[in-house]
Amino acid sequence: MVVAGIPEPAADHAHRLCGFALAVREEFARFVSNRGLDINIRIGAHSGTAVAGGVGTKKSA
């Protein structure tokens with residue numbers, strides 16, 4: 001999970017976040033290609049108030 005524009009507001013936070021997502025996608029593609037893996041990644045973006053969440057069935061200690 002990544003957040004843009006916090007704690008210091010930035011007028012271009014959405015642009016920065018999308019640029020980061022595209023860079024992650026490119027690096028991931030390079031990573032799997034170099035290892036001969038057949039896996040994919042999905043990236044989503046939310047715009048609005050800050051939200052957080054967790055995935056799984058166990059709490060972190």
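- Looking at every heavy atom in both residues, P7 comes nearest to P9 through O-CD, 3.5 Å.
- A cation-pi arrangement, defined by a distance under 6.0 Å to the six-membered ring centre and an angle within 45 degrees of its axis, is absent between R30 and F28.
- The closest donor-acceptor contact from the side chain of H13 to the backbone of A10 lies under 3.5 Å.
- Taking each heavy atom of A21 and I43 in turn, the nearest pair found is O-CD1, 3.4 Å.
- Checked options N40, I41, L37, D38; the residue passing with V32 is L37 (criterion: side-chain contact (heavy atoms from CB on, under 4.5 Å)).
- Cluster annotation: V24 is connected to F31 through the hydrophobic network of ILVMFWY side chains, with a link wherever side-chain heavy atoms come within less than 4.5 Å.
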